[in-house]
Amino acid sequence: MVTYTMTSSLYFITFGMGASPFTNIEAVKVFCQNMCVSILLNYFYIFSFFGSCLVFAGQLEQNRYHSIFCCKIPSAEYLDRKPVWFQTVMSDGHQQTSHHETNPYQHHFIQHFLREHYNEWITNIYVKPFVVILYLIYASFSFMGCLQISDGANIINLLASDSPSVSFAMVQQKYFSNYSPVIGFYVYEPLEYWNSSVQEDLRRLCSGFTAVSWVEQYYQFLKVSNISANNKSDFISVLQSSFLKKPEFQHFRNDIIFSKAGDENNIIASRLYLVARTSRDKQKEVIEVLEKLRPLSLSKSIRFIVFNPSFVFMDHYSLSVTVPVLIAGFGVLLVLILTFFLVIHPLGNFWLILSVTSIELGVLGLMTLWNVNMDCISILCLIYTLNFAIDHCAPLLYTFVLATEHTRTQCIKSSLQEHGTAILQNITSFLIGLVPLLFVPSNLTFTLFKCLLLTGGCTLLHCFVILPVFLTFFPPSKKHHKKKKRAKRKEREEIECIEIQENPDHVTTV
């Protein structure tokens with residue numbers, strides 16, 4: 001079990017690094033350090049306190065002591081004479097079993113259902129074709145969803161469901177989605193605005209945008225008024241005394257920052273506003289605009305910054321699909337190499353890789369069909385899906401691979417009987433724990449609910465439906481176990497015959 005957990009932890013570290021939105025090396029280091037410390041503390045906790053609690057609980061159960069009060073559980077005859085509430089509190093649920101029974105867990109109703117009913121039904125030859133058809137439908141929808149993956153740069157997902165901002169964002173996307181956000185264009189150093197070459201550079205940078213610019217308005221004002229301002233003093237003088245005094249241009253006062261050095265005024269900073277015309281794929285075009293403007297701010301003679309509050313999300317989501325996939329691909333390769341030396345059986349590792357890949361692609365495809373975009377929450381859920389799938393599929397697969405029964409059907413029945421109850425209890429409690437998320441008025445939380453629900457559902461489908469059927473078709477073969485048992489039986493019979501032949505005096509007739 002430690003091997004399974006170590007494998008899933010390695011998956012989590014590598015994929016977590018691949019999906020993290022950090023671009024700073026120091027931030028990546030902090031992230032890795034926190035992950036390593038968390039995993040080490042988790043292992044120390046499991047091997048020390050949690051393991052001790054399991055041993056203590058096992059001893060209490062074996063010696064028929066109460067798990068809460070730590071007192072001896074009374075006999076069935078004594079409990080029958082007591083009230084119902086006393087029987088409920090003091091009963092361990094196995095009163096009808098013998099004191100020396102080795103495995104009272106076999107009488108659990110889920111264990112009984114799996115052993116007596118479900119195992120026979122799922123391995124029935126008439127059920128298997130329908131399971132294959134079900135998996136083909138599952139794979140088809142998953143593949144169709146994977147082809148429709150879209151980035152999650154939608155600010156609505158980050159807002160509360162009842163927020164007025166949601167209504168504004170929906171109206172804006174419905175009626176004005178052909179326009180980009182208003183981009184602030186900030187020039188943060190003194191500039192010779194009166195110079196014709198600088199004016200040409202500004203026009204070139206603003207080309208392709210609808211600009212709300214004091215510079216353009218001022219140039220137009222000088223042209224209409226037939227005023228010449230080809231030097232610094234005339235340019236600033238007319239700007240302050242005439243242009244900014246007019247009522248229709250007074251709103252530009254906040255866009256120009258003046259400084260006075262002696263009797264001379266200077267423009268040390270200014271700002272413009274740009275709006276781009278976009279098509280339906282607004283997010284992609286805005287990201288392209290950012291990637292085009294930002295390098296120019298470093299290479300051109302004009303030093304400027306472009307910014308809009310939505311760019312914070314654009315910067316993250318522009319990397320939300322490509323970069324995590326590339327880095328995670330390397331992470332998968334690294335993890336597979338490491339787990340090759342940790343697993344019990346290579347064929348079990350192969351089946352585990354297929355199962356986890358199928359679950360991961362299923363969650364990704366169905367998530368897309370359920371209108372869930374690739375945002376930060378969905379990426380983290382996909383990382384968690386790997387961990388969840390490994391923890392639940394690995395015990396079932398390795399028990400099947402190492403089983404020594406005569407047929408594959410008997411091996412999968414034994415695996416389900418041994419691990420099916422624990423897997424079902426774990427996934428059921430996991431899904432029940434998601435119910436409170438439905439009552440949180442947040443689109444982001446609802447996205448979390450969708451992804452985790454698909455994670456639990458796909459894992460449950462593979463553990464109890466798909467794997468029990470497909471493992472009866474494909475390797476590993478169990479014929480070598482038959483040969484080994486036959487060889488041992490034959491060898492034992494030969495030894496008994498030799499003993500009888502060597503000691504004929506000890507043979508008596510009955």
Side-chain angles (χ1 to χ4, degrees), residues 21-27 153 155 179-223 229-246 248-278 282-283 285-319:
F22 303 127
T23 55
N24 193 320
I25 299 298
E26 293 299 325
I155 197 172
Y179 297 93
S180 72
V182 178
I183 303 172
F185 185 96
Y186 303 89
V187 180
Y188 58 90
E189 66 178 7
L191 198 64
E192 298 179 354
Y193 295 95
W194 54 89
N195 194 321
S196 59
S197 61
V198 174
Q199 297 175 11
E200 185 62 29
D201 288 339
L202 285 173
R203 290 192 183 95
R204 189 180 301 110
L205 289 173
C206 297
S207 61
F209 296 92
T210 300
V212 181
S213 168
W214 70 268
V215 178
E216 290 295 330
Q217 294 291 333
Y218 184 49
Y219 293 155
Q220 189 68 22
F221 171 78
L222 293 176
K223 185 177 180 181
N230 295 326
N231 54 64
K232 177 180 178 181
S233 59
D234 293 340
F235 187 90
I236 296 179
S237 176
V238 175
L239 177 64
Q240 290 181 316
S241 61
S242 300
F243 179 75
L244 296 179
K245 293 290 182 68
K246 290 186 174 295
E248 62 270 26
F249 301 128
Q250 286 184 357
H251 61 278
F252 287 125
R253 289 182 176 180
N254 296 326
D255 296 337
I256 309 171
I257 306 299
F258 294 96
S259 69
K260 190 171 184 179
D263 296 334
E264 191 177 51
N265 291 323
N266 295 309
I267 301 176
I268 59 173
S270 68
R271 66 180 177 185
L272 322 174
Y273 293 102
L274 308 176
V275 179
R277 180 88 175 176
T278 59
K282 171 184 173 181
Q283 172 191 325
E285 294 192 9
V286 172
I287 293 174
E288 290 177 353
V289 168
L290 289 178
E291 293 176 349
K292 177 183 176 181
L293 285 176
R294 284 175 173 171
L296 292 177
S297 65
L298 301 176
S299 59
K300 289 286 183 180
S301 58
I302 300 176
R303 306 299 298 271
F304 64 89
I305 300 174
V306 289
F307 181 74
N308 182 276
S310 63
F311 290 176
V312 177
F313 309 104
M314 297 292 181
D315 289 337
H316 169 65
Y317 292 120
S318 63
L319 306 175

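Everything numeric here is computed off the predicted structure, so don't read it as measured data.
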Worksheet item: Should Tyr218 and Phe235 be marked as a ring pair (Phe, Tyr, Trp, His ring centres under 6.0 Å) after you check the CA-CA gap, both sets of side-chain angles, and the distance that decides it?
Response: CA-CA 10 Å; Tyr218 184 49; Phe235 187 90; 4.8 Å; yes
Item to complete: Check ring pair (Phe, Tyr, Trp, His ring centres under 6.0 Å) between Phe252 and all other residues, then give those that pass, not counting sequence neighbours.
Response: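 Checked Phe252 against ring pair (Phe, Tyr, Trp, His ring centres under 6.0 Å); zero matches.
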Between atom [atom1] of [X] and atom [atom2] of [Y], what is the distance when rounded to the nearest 0.5 Å?
{"X": "Ile183", "Y": "Thr210", "atom1": "CD1", "atom2": "OG1", "value": "10.5 Å"}
{"X": "Asp255", "Y": "Phe249", "atom1": "CG", "atom2": "CZ", "value": "13.0 Å"}
{"X": "Glu192", "Y": "Ile267", "atom1": "CD", "atom2": "CD1", "value": "11.5 Å"}
{"X": "Gln217", "Y": "His251", "atom1": "CD", "atom2": "NE2", "value": "7.0 Å"}

Worksheet entry | Under 3.5 Å donor-acceptor, Arg271 side chain and Gly184 backbone |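 A pair under 3.5 Å: no.
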Discussion item. Is it the case that the side chain of Glu189 and the backbone of Ile268 share a donor-acceptor pair, with hydrogens and angles ignored and the cut-off at 3.5 Å?
Written reply: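 Not at all, since once roles are kept as given, no pair shorter than 3.5 Å links the two residues.
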Worksheet entry | Minimum side-chain heavy-atom gap Tyr193-Tyr219 below 4.5 Å |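 Yes, close enough: below the 4.5 Å cut-off.
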Practice prompt. Evaluate the side-chain contact (heavy atoms from CB on, under 4.5 Å) criterion for residues Phe185 and Leu205: first the C-alpha distance (whole Å), next the side-chain angles of each, then the deciding distance (0.1 Å), finally the verdict.
Written response: CA-CA 10 Å; Phe185 185 96; Leu205 289 173; 3.9 Å; yes
Check [X] against [Y] and note the closest heavy-atom contact, atom names and distance.
{"X": "Asn265", "Y": "Ile236", "answer": "O-CD1, 3.1 Å"}
{"X": "Leu191", "Y": "Val187", "answer": "CD2-CG1, 4.1 Å"}
{"X": "Gln199", "Y": "Trp194", "answer": "NE2-O, 3.5 Å"}
{"X": "Cys206", "Y": "Leu274", "answer": "SG-CD2, 3.8 Å"}

Worksheet entry | Residues forming a salt bridge (Lys or Arg N to Asp or Glu O under 4.0 Å) with Glu264, sequence neighbours excluded |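 Per chain and number, Glu264 pairs via salt bridge (Lys or Arg N to Asp or Glu O under 4.0 Å) with Lys232.
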Practice prompt. Show the numbers, then the answer: is there a side-chain contact (heavy atoms from CB on, under 4.5 Å) between Phe209 and Tyr273?
Written response: CA-CA 9 Å; Phe209 296 92; Tyr273 293 102; over 6 Å; no
Discussion item. Leu239 vs Phe258, test: side-chain contact (heavy atoms from CB on, under 4.5 Å). Steps then yes/no.
Written reply: CA-CA 11 Å; Leu239 177 64; Phe258 294 96; 3.7 Å; yes
Practice prompt. Might you work through the side-chain contact (heavy atoms from CB on, under 4.5 Å) test for Arg253 and Lys245, ending with a clear yes or no?
Written response: CA-CA 9 Å; Arg253 289 182 176 180; Lys245 293 290 182 68; 3.9 Å; yes
